[in-house]
Amino acid sequence: MSIYLDHAATTPLRREALEAMLPLLTEDFGNPSSVHGPGRRARAALDEARERTASTLNAEPREIVLTAGGTEAINLALKGIAWAGKAKGNRLVTSAIEHHAVLHTMRHLEKFGFEIVILPVDRYGRVDPDQLDAAITDRTTLVSLMLANNEVGTIQPMADLVSRVRAHRGVAIHIDAVQAAPYMSIDVRDLDVDLLSIAAHKFEGPKGSGALYLRHGTILLPQIQGGTQERYRRAGTENVAGAVGMAVALELAGAERGDVAPRLAKLRDRLRDAVLALPGVELTGHARKRLPGHLSVIALASEGTAVAINLDLASIAASTGSACTTGSTEPSHVLTALGYPDEEARGSIRLTLGRTTTEADIERAVELVPQTIARTRNAAAVVAGDALT
Ligand code: PLP
């Protein structure tokens with residue numbers, strides 16, 4: 001049996017979500033905009049999913065815009081706020097370790113005359129609240145920051161960062177909570193944010209389903225034109241089954257978090273200790289302020305890709321840095337921003353646990369992961385020293 005340790009990339013769909021989705025994909029397949037019975041049943045399911053999603057996030061149902069995943073929610077947030085605020089200002093602030101859904105969207109906006117300010121982070125991936133404060137001018141309309149990082153698991157000092165933004169009037173704040181949502185309580189009122197993105201597939205919901213929380217009264221320019229769905233903010237026939245699966249998975253993740261998060265942190269720590277016992281292996285990201293199931297390391301003198309392939313051969317699914325940049329020869333922008341030189345960043349490996357990870361999985365990983373890293377290093381050293389290759 002293979003051991004899946006790549007929950008930051010995606011998670012399996014949980015049974016309760018699948019079971020809630022099935023009727024919407026079969027007998028209750030109607031279009032929620034239709035007036036007939038099947039349409040009305042789909043509408044009722046969609047309304048309920050929106051209400052449940054809103055309630056879990058402590059938002060109002062009208063503040064939830066259903067999207068096709070995290071990337072779309074983030075695009076809507078960033079482009080929507082940037083264009084709606086263009087008359088007031090063109091300065092947008094973010095950090096160097098954001099997901100490409102944020103950074104590439106910012107780069108796209110730059111081509112249209114927006115000024116993008118990318119804040120540095122410290123060795124552990126944290127944004128300095130003073131630097132954030134100093135970056136905001138009267139031309140700033142938006143700050144976008146992630147609550148937890150996908151590659152190194154670091155959690156931002158968000159309350160402090162948000163309060164710095166709030167000290168400036170008229171600046172919207174968007175939080176990318178895609179990685180944080182499964183493991184941290186997301187209360188949009190407590191967080192005091194204007195926009196927040198989540199993606200269902202990170203918390204055992206379906207892929208291609210997400211949501212943007214948009215605080216009531218926040219003006220945003222819609223990015224997809226068409227019908228009147230989502231109160232004109234996101235046109236297109238709704239993914240009813242996806243919304244239902246997301247609502248169920250989000251609710252359950254919230255209800256179980258109190259048990260799951262400490263259990264995962266304990267298992268993660270056991271694996272961390274075993275991996276860090278190898279010479280030349282160091283933890284990346286913050287030692288304590290990090291997601292509970294998240295372990296990221298750099299194994300010096302090794303290629304993360306080779307380690308991940310060898311782990312796969314040993315039936316452990318892991319990743320090197322972010323799944324989205326796997327296959328690219330560029331070192332991870334996150335590790336570069338944390339100050340790691342390219343040759344060290346190449347040795348990055350990420351092992352991420354999820355609710356379905358068992359103690360037996362970790363016992364096996366504790367044996368196999370250090371072995372595999374050591375073996376991959378030795379093989380690389382032999383090839384490097386072989387005059388014929
Ligand atoms: N933001 C973060 C922090 C992520 O980790 C991801 C996915 O890996 C995304 C955004 C994009 O979400 P999606 O895959 O649903 O488009």
Next item on the list: I would like to know whether Glu115 and Arg139 meet salt bridge (Lys or Arg N to Asp or Glu O under 4.0 Å); could you show each step before the answer?
Entry: CA-CA 10 Å; Glu115 182 195 353; Arg139 310 251 333 129; over 6 Å; no
Check: Does the salt bridge (Lys or Arg N to Asp or Glu O under 4.0 Å) test come out yes or no for Arg270 and Glu363, once each step is laid out?
Finding: CA-CA 9 Å; Arg270 167 130 177 68; Glu363 285 311 314; 2.9 Å; yes
Checklist line | Cation-pi check, Lys79 onto Phe114 ring (under 6.0 Å, within 45° of axis) | finding: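 Pair Lys79/Phe114 does not count as cation-pi.
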Check: For Tyr340, is the NZ or CZ atom of Arg123 found under 6.0 angstrom from the centre of its six-membered ring and inside 45 degrees of the ring axis?
Finding: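 Here Arg123 passes the 6.0 Å and 45° test against Tyr340.
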Check: Are His294 and His7 close enough that their ring centres sit under 6.0 Å apart?
Finding: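 Here the rings of His7 and His294 have centres that are no less than 6.0 Å from each other.
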Atom of [X], atom of [Y] and distance for their closest heavy-atom approach:
| X | Y | value |
| --- | --- | --- |
| Leu368 | Leu311 | O-CD2, 4.5 Å |
| Ile118 | Ser95 | CG2-C, 3.7 Å |
| Ile81 | Ile219 | CD1-O, 3.5 Å |
| Gln225 | Ala235 | C-CB, 3.6 Å |
| Leu264 | Tyr183 | CD1-CE2, 3.7 Å |
| Thr141 | Gly85 | CG2-O, 3.6 Å |

For a quick check under 3.5 Å, do [X] and [Y] share a side-chain donor-acceptor pair by atom type?
| X | Y | result |
| --- | --- | --- |
| Asp361 | Thr358 | yes |
| Lys207 | Thr10 | yes |
| Asp133 | His168 | yes |
| Thr376 | Asn310 | yes |

Next item on the list: Show the numbers, then the answer: is there a side chain to side chain contact (heavy atoms under 4.5 Å, CB included) between Asn239 and Leu66?
Entry: CA-CA 8 Å; Asn239 176 0; Leu66 298 169; over 6 Å; no
Check: Taking atom CZ of Arg231 as the centre, does the number of heavy atoms from other residues, nucleotides or ligands within less than 6.0 Å exceed 12?
Finding: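 It does not: Arg231 CZ has 12 such atoms or fewer within range.
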Item checked: Passing candidate, side chain to side chain contact (heavy atoms under 4.5 Å, CB included) with Ile198, options Thr56, Val178, Leu250 ->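 The residue from Thr56, Val178, Leu250 that satisfies side chain to side chain contact (heavy atoms under 4.5 Å, CB included) with Ile198 turns out to be Leu250.
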Item checked: Cationic N near anionic O, under 4.0 Å, Asp192 to Arg215 ->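 Between Arg215 and Asp192 there is a salt bridge, with a charged N closer than 4.0 Å to a carboxylate O.
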